[in-house]
Amino acid sequence: MEYNFSAIEKKWQAAWKASDAYKVSNESSKPKYFVLDMFPYPSGAGLHVGHPLGYIASDIFSRYKRLKGFNVLHPMGYDAFGLPAEQYAIEHGVHPAVSTHKNIDTFRAQLDNIGFSYDWSREIRTCDATYYKWTQWIFLQLFNSFYNKQKNKAEPILHLINAFEKNGNAEHECPSDASIQFTAAQWQAYSNQEQQQILMQYRLAFCGHGEVNWCEALGTVLANDEVVNGVSERGGHPVVKKKLRQWYLRITAYADRLLSGLDTIEFSEAMKEMQSNWIGKSYGAEIDFKIASAALDTDATLTVYTTRPDTIFGVDFMVVAPEHDIITAITTKEQQIAVDNYIAYVKSRSDRERQAEKKISGCFTGAFAVNPFNGKQIPIWISEYVLAGYGTGAIMAVPCGDERDHKFAQHFNIPITNIIGDAYSGNEANSTKDAPLFNSDFLNGIMMRDAIEIALAKLEERGIGKRKVNYKMRDAAFSRQRYWGEPFPVQWKNGVAIALDETELPLLLPAVDSYSPGPEGEGPLANIPAWVEKELETNTMPGYAGSSWYFLRYMDPHNSDVFCDRKVSDYWNQVDLYIGGTEHAVGHLLYSRMWTKVLFDLGHIGFDEPFRKLLNQGMIQGSSRFVYRKKGTQVFVSAGLLGDTEVDKLHVDVNMVDGVELDTEAFKKWRNNEYANASFELENGKYICGVEVEKMSKSKFNTVNPDILVEKYGADTFRMYEMFLGPVDQSKPWDTKGIEGVHRFIKKLWRLFFDEEKGAVYNAAPASPAALKILHRTIKKIEEDTERFSFNTAVSAFMICVNDLADIKCQTTEVLSPLLVLLTPYAPHVAAELWTATGNKGSILDAPYPVFDAKHVTESSKEYPVSINGKVRTNISIALDASEEEVTAIVLADTLIQKWMEGKPVKKFIFVKGRMINVVV
RNA sequence: GCCCUGGUGGUGGAACUGGUAGACACGCAGGACUUAAAAUCCUGUUCGCCGCAACGCGAGUGCGGGUUCGAUUCCCGCCUGGGGCACCA
């Protein structure tokens, strides 16, 4: 009887499906455990070998937890709204719903192949109306709430209206503009429209204006992804910034809680660091500088934000962002043309380009600001390195203390004031806080670190500045001028946004004739007369809307009364283990944390962090292969023979390449015989390809489809091989070489039970101590490795175990059956087959997990490595319970040790029990 | 540019808390079985040096320093691959 994986896997997959083996109940006496994968976007390219890496890891952990007696929720679904489907629709006229559903079917078939233990009865798709009804409902919660800073939580907007009616906004400072102040009487006197405008500035989901990538030629807004080097990816048309009305989420209100919440969850330190850097909390000051231009309005002030008020006497120039409102007011006639030209240049640049630019650029406005402490006149410049969105969009530049300011000053020959004495070399800035100040009036001689506080106090005392906590994070843009997303449940009447009533949900996404943008670059919904007549919002929600709360819907996926029953969310609570890539560090993971906090504040759920523990899987990269075609010919030159030959470098499908050797016959037939006439210049009879590691992508022909591997080696081999590749959290290029080794392992395991000729060889003999030692060592190792997600070493431990059992010809079920239970999370099909074939009763999915017993593995002595001066010279076997004195005596009596000591006296004797011995002479 | 992260044999990787670097695999080389192939099994495999050989010696974890009895692991500086940077998901 041989190992027929394909029959075995089909059989068990069918059996588990028929018995609903993975169906999970919301009621159980067992403790709960919630394992979640970041659900995929169902792209047209289908699943490649990179996707299942995390899914296999989570499946192993789910099955393991189930064996350990937990009620495990392990669901899967699809993040199904998004740009690619819409792009496909524009190009091929296929409705996104159609292509998306087709893609989902492909994904599902591919996932099923691998034998995951998902409870498919809980599947969700973010594009289903039954799902996005609740995404819209949560939007209404956000819209109808504000952040109460006193209570530090979100509350219904009605509370705010009540407060306004009693006390105006005295207790509730306007989050976007502190200068807005009104009394109760004023509030009551406002028109409804005015009141709504004020309320909008408090809502957690609010409308404002923001810049987008605008492509005039295409008449549409482009995603950053669709802009390459400042022009549109499609057609290469120019792209500029354009201000449009946009929806935002007031995530900045949650900045502090998003920071402090990190202490309560198990994310990697790197992930926490990325999130807190993104939030970017800093303590500093806003300082007002008067404008000193006689020709201009002398009352104008320029407010800057700085974290270093101690350096105020080192300010040599000011820089304002090219978008800053003040520019029109202060630019002098002489500078007007230069300023306009510079602003036009910056308009075509993305924030990223502006920050990454090494070349220094800027333009003088002709205006001067006045240093409030010493009256010094300071030139005001504009430059792209200052971004409008951070702080006040203006900085005071201190070249001796800031590298970018220093380079700017050098480039434009602006004189540099040295306020740190010897700490400034004259060649480059020194950003220290640990130097005494010079040329700084009342701060002279004070260490900068201490001067910060003194300067702050002075600023406030003299009323020219105030302390300010600042965040780098901005409110999250929440609208897209697109079709394939959730419609906003909002109507516009006389410029006032009015939320639909809950009972009107879902607001269905209507069919459109064309996926082209609306008249003014609005979303395609603006082309539907009936939609526009009802004055409905024409934007749709962004991709992250649906994914910000999906983990909750899995708990109660079919509930048509609420998004998730409170009793159910109380039971499942937080996601215990969340697995996905780091690429979501500052997007999805922050948004879903915010949504969870809002839902918690409003009393809809009982926890305010969604994910208790996060495991980041690495990215599987593609290893691309290239062929080299002599220019203008059909002659392909092997990589080693290139020399100076002029060639075109072409991606070639990795599946036609064995290692680096091209299958030339397959290549000739590739892409409908496109290269039928190819001839080859070979080295040693082989065509050797070029190699590069890149992102796995269809267009680079470096994707590997798991289906092919599953067909050739089986799901169990595929699962174990993906884990065996390396640590799950590490990125690595895919290489199919090596899968044979894992396949051999499973066949070797099989042969402990069945022999091709002899048939069954397993027996019920009592286990030998040696066999029990192997088993228990493995139990310990697998349990430890699984708990710490070290799946690659777990696979290797299985290999060692099977090698050792084969060596001692152990074929007894007393040892083999517990081994199968250990193995079943990793290779469920073969484990189930052997489990039943050897007469075990019940499903292996719920078998008792083997318990480690130390008595089978205890050792009495150890081969100690003995070093002289840190170099290992010999091994000596010594009893583990020997005292240090005994060990010293044994070691020093050893002839080899004596030889290496060359008669020198022992300076130090280091003995680490159970580890090693080092003699220092 | 900024933030995060990785770099160990021919290859993927192991070494969990500073304690024998290279587990387990792949590949390669040699051998057994076979008419042959597949499958399977056995032996060897970091590099260099001496030697018939067991063994022995030296070097070695991206590069250069440092701390330590001892460093892949900790510290400082540098080189380099990958991810993210706000409308891809």
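Residue numbering restarts at 1 for every chain, and letters A, B, ... go by the order of the sequence lines.
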Has A:Gln730 got a side-chain N or O lying under 4.0 Å from the OP1 or OP2 atom of B:G13? yes
Report which part of the nucleic acid A:Lys407 touches: base, sugar-phosphate, or nothing (heavy-atom distance under 4.0 Å, all strands). nothing
Within residues 914-921 of chain A, those residues having any heavy atom closer than 4.0 Å to RNA chain B are A:Arg915, A:Met916, A:Asn918, A:Val920
Point to revise | Check ion pair A:Arg474-A:Glu211 (N to O, under 4.0 angstrom) | key: no
Rounded to whole Å, CD of A:Glu353 lies from P of B:C2 at a distance of 17 Å
Applying side chain to side chain donor-acceptor pair (under 3.5 Å) to A:Asn918 and not counting sequence neighbours gives none
To the nearest angstrom, the CE-P distance between A:Met271 and B:C4 comes to 13 Å
A:Tyr713 meets the ring pair (Phe, Tyr, Trp, His ring centres under 6.0 Å) criterion, sequence neighbours left out, with A:His743
Sorted by chain and residue number, the side chain to side chain donor-acceptor pair (under 3.5 Å) partners of A:Glu266 (sequence neighbours excluded) come out as A:Arg612, A:Lys613
A:Asp785 CG to B:A14 C1', in whole Å, measures 11 Å
Protein heavy-atom contacts under 4.0 Å, written 5' to 3' over nucleotides 82-89 of chain B as B (base), S (sugar-phosphate only) or - (none), form the string SSSBBBBB
Those stems involving RNA chain B that have three or more consecutive Watson-Crick or G-U pairs, both distances under 3.5 Å, are B:1-7 with B:79-85, B:10-12 with B:24-26, B:27-32 with B:40-45, B:46-49 with B:56-59, B:62-66 with B:74-78
Picking from B:C16, B:C24, B:A59, the nucleotide nearest the side-chain atoms of A:Lys871 would be B:A59
Q.
Between B:U43 and B:C79, how far apart are the two C1' atoms, rounded to whole Å?
A. 41 Å
Listed pairs under 3.5 Å, donor-acceptor, residues 83-91 of chain A side chains, sequence neighbours left out:
residue : atom : partner  : partner atom : Å
A:Glu86 : OE1  : A:Tyr483 : N            : 3.1
A:Glu86 : OE1  : A:Trp484 : N            : 2.8
A:Glu86 : OE2  : A:Tyr483 : N            : 3.0
A:Gln87 : NE2  : A:Glu91  : OE2          : 3.1

Please output the side-chain donor-acceptor pairs of residues 543-551 of chain A that fall under 3.5 Å, not counting sequence neighbours, one pair per line with the distance.
residue  : atom : partner  : partner atom : Å
A:Tyr544 : OH   : A:Ala477 : O            : 2.8
A:Ser547 : OG   : A:Tyr544 : O            : 3.3
A:Ser548 : OG   : A:Tyr544 : O            : 2.7
A:Trp549 : NE1  : A:Tyr131 : OH           : 3.3
A:Trp549 : NE1  : A:Thr135 : OG1          : 3.0
A:Tyr550 : OH   : A:Asp37  : O            : 3.2
A:Tyr550 : OH   : A:Tyr578 : OH           : 2.6

Task: Test item: side-chain donor near acceptor, A:Thr252 and A:Asp475, under 3.5 Å - done: yes
If I pick the P atom on B:A53 and the same atom on B:G48, what distance separates them, to the nearest angstrom?
15 Å
**Study point:** Side-chain ion pair, A:Arg245 and A:Glu537, N-O less than 4.0 Å
**Key:** yes
Those residues at least two apart in sequence (or on a different chain) that pass side chain to side chain donor-acceptor pair (under 3.5 Å) with A:Thr793 are A:Asp785, A:Ser790
Rounding to an integer number of angstrom, what distance separates B:U40 and B:G51 when you compare their P atoms? 41 Å
So A:Pro727, base contact, sugar-phosphate only, or nothing? Heavy-atom distance under 4.0 Å.
sugar-phosphate
Notebook entry, point to check: Distance between the C1' atoms of B:C55 and B:U61, in whole angstroms?
Noted result: 26 Å
For a quick check under 3.5 Å, do A:Asn803 and A:Lys748 share a side-chain donor-acceptor pair by atom type? yes
Which of B:A59, B:A23, B:A25 is nearest the side chain of A:Phe724? It is B:A25
Q. Considering only the C1' atoms, how many Å lie between B:G62 and B:A25, rounded to the nearest integer?
A. 25 Å
key: Side-chain N or O of A:Asn792 closer than 4.0 Å to phosphate OP1/OP2 of B:A14   = yes
Review point. Can you list the steps and then say if A:Arg234 with A:Leu222 is a side-chain contact (heavy atoms from CB on, under 4.5 Å)?
Key: CA-CA 10 Å; A:Arg234 274 181 292 143; A:Leu222 297 176; 4.1 Å; yes
Hits for side chain to side chain donor-acceptor pair (under 3.5 Å) against A:Tyr385, two or more places apart or cross-chain, chain-then-number order -> A:Asp405
With syn defined as a glycosidic angle within 90 degrees of 0 and anti as anything else, the base of B:G9 is syn
Here the distance between atom P of B:C2 and atom CG of A:Asp402, to the nearest Å, is 11 Å
Hits for ring pair (Phe, Tyr, Trp, His ring centres under 6.0 Å) against A:Trp734, two or more places apart or cross-chain, chain-then-number order -> A:Tyr721
Check: Say you pick atom C1' in B:G44 and the same atom in B:A37; how far apart are they, in whole Å?
Finding: 25 Å
| message | Once you apply a heavy-atom cut-off of 4.0 Å, does A:Ile910 come out as touching a base, just sugar-phosphate, or nothing? | response | base
Whole-Å distance, A:Asn869 CG to B:U68 P, equals 15 Å
Heavy-atom nearest nucleotide on RNA chain B taken for A:Val872 and for A:Gly738; more 5' hit belongs to A:Val872
Report which part of the nucleic acid A:Asn803 touches: base, sugar-phosphate, or nothing (heavy-atom distance under 4.0 Å, all strands). sugar-phosphate
Check: Which whole number of Å gives the distance between the P atom of B:G19 and that of B:U11?
Finding: 26 Å
Using the P atom as the point on both nucleotides, what is the distance between B:C88 and B:A29, in whole Å? 50 Å
Atom CD of A:Gln617 and atom P of B:U5 are separated, to the nearest Å, by 18 Å
Check: protein-nucleotides 38-44 of chain B nitrogen or oxygen pairs below 3.5 Å:
residue : atom : partner  : partner atom : Å
B:U40   : O3'  : A:Arg751 : NH2          : 3.1
B:C41   : OP1  : A:Arg751 : NH2          : 3.2

note: A:Ile279, atom CD1; B:C3, atom C1'; distance rounded to Å ~ 13 Å
Which part of the nucleic acid does A:Trp247 contact within heavy-atom distance under 4.0 Å: base, sugar-phosphate only, or nothing? nothing
Value for CG (A:Asn213) from CD (A:Glu226), rounded to nearest 0.5 Å, stands at 9.0 Å
Next on the checklist: Please classify the nucleic acid contact of A:Lys732 as base, sugar-phosphate, or nothing, using heavy-atom distances under 4.0 Å.
Outcome noted: sugar-phosphate
